[in-house]
Amino acid sequence: MEERIHVDCGPAALAVVDAVAFVADERAGGIAVFAGTTRRYTDDLETVELKYEAFEQMAVSEMRKLAVAAVEEYSLVKAYVAHRVGRVAFGETSVLIAVSSAHRDEAFKACRVLIDQVKTQVPIWKKEVYADGSEEWVKGSVPVLRGRKS
Amino acid sequence: MEERIHVDCGPAALAVVDAVAFVADERAGGIAVFAGTTRRYTDDLETVELKYEAFEQMAVSEMRKLAVAAVEEYSLVKAYVAHRVGRVAFGETSVLIAVSSAHRDEAFKACRVLIDQVKTQVPIWKKEVYADGSEEWVKGSVPVLRGRKS
Amino acid sequence: IRFFAILRELTGMRTLAMSLDKPEEVGVILDRLVAHHPAIGPYRTALRAAVNQEYVDEAFTVFNGDELAVITPVSGG
Amino acid sequence: IRFFAILRELTGMRTLAMSLDKPEEVGVILDRLVAHHPAIGPYRTALRAAVNQEYVDEAFTVFNGDELAVITPVSGG
């Protein structure tokens, strides 16, 4: 299983080409990719950059669990899940998901589930930095317990 | 509208990096990509390559209509739709869709609708070439009339 | 009249020029094609026609000078 | 005990070492944290705890030597 999954959480820039290169496989008929990018404008507010902070080791561990579950549930060939931390300028990619599968339906579903879960389950926090210099931590989601330890 | 849409149907290889570069935009919060790739094995049959034939001018025209409709329906920032013709070796990309939008839900939905429509509406035909030298045109879908001319 | 893919192979033709005596419906022209090229017959019920690069139904009227494309079920992707 | 993001800023701490007299439930430890660091109070009901890098519920028992992370609502993406 391990060689079919790539997970990363760090300050390096994320490139779609790397994600696609990882998941490409001669058993795959389709590759679905989602890249979350920094919007410059949200309504009228100009965002200069985003800053991400993570509990990095746990984030990697959680992303790996999510990827393993997706590979099993959707019969994926390969899965790539990465989240950047630190400053992310507008137009750059903060989160990157790529999956390959024999058929496109599984690829789309898995890609969508993975981005939704990364946003709501992984210990990563986003701070918006506005043009006027103000900063604000973005309201988030309480991670769901999934029958783990109690 | 035109500068927000890129459509192509020709023999050149398709690269995800080009599609992402086209749709990337500072108004976009998410980019969804689908790449259809040639599977080497379908069950036990080994496919050596695929050959695609298109009514190219009409294919471009139909893909453009589909992209325009998707941009409007899903409030996309940009859309890229390309299909390769001629020989496509296994592992290579035959069809490539990329869309950007403010929010990820629209990007996923539009990307999925576009690939489904490209497969069922655009005058392109696929022939599988097997390892034993035999060839077969793939069974397809009758394009749906959408209240156009009658 | 343009043919593609399997119909191109079965008929051995990429294009066929047909001069119409008078404007005719797409369905009539397709039936005439089948009569002259029986290899098309098994595909007749699944054919879609495009006139001047737009899909049309079989009641659509074709004039001399129009470009008719005979589209078997498509299988891109 | 590890703090991140807004709690790191509000408390001014990245980590806090706490030696437990006896094993205790996560919820008890979180309540004690709030008592000593009232800035955490408004976030108390939305906190999730992770012990040794796995999410746990508030009844989970923490032992000396365990690593407890206090997780405010996450907002990656």
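For the numbers below, each heavy atom of this structure counts, side chains included, while hydrogens, waters and symmetry mates do not. Numbered from 1 within each chain, the chains take letters A, B, ... in sequence-line order.
- Scanning residues 26-36 of chain B against chain A with a 4.5 Å non-hydrogen threshold yields B/Glu26, B/Arg27, B/Ala28, B/Gly29, B/Gly30, B/Ile31, B/Ala32, B/Val33, B/Phe34, B/Ala35, B/Gly36, sorted by number.
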What side-chain donor-acceptor pairs closer than 3.5 Å can you find for residues 136-143 of chain A, not counting sequence neighbours?
{"unit_1": "A/Trp137", "atom_1": "NE1", "unit_2": "D/Glu9", "atom_2": "OE1", "d": "2.9"}
{"unit_1": "A/Trp137", "atom_1": "NE1", "unit_2": "D/Glu9", "atom_2": "OE2", "d": "3.4"}

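- Chain A is approached within less than 4.5 Å, heavy atom to heavy atom, by B/Phe90, B/Ala102, B/His103, B/Arg104 from residues 83-104 of chain B, ordered by number.
- Contacts with chain A (heavy atom to heavy atom, under 4.5 Å) involve these residues of residues 107-116 of chain B, listed by number: B/Phe108, B/Cys111, B/Arg112, B/Ile115, B/Asp116.
- The candidate from B/Thr37, B/Val17, B/Asp105 with the greatest count of non-hydrogen atom pairs under 4.5 Å with chain A is B/Thr37.
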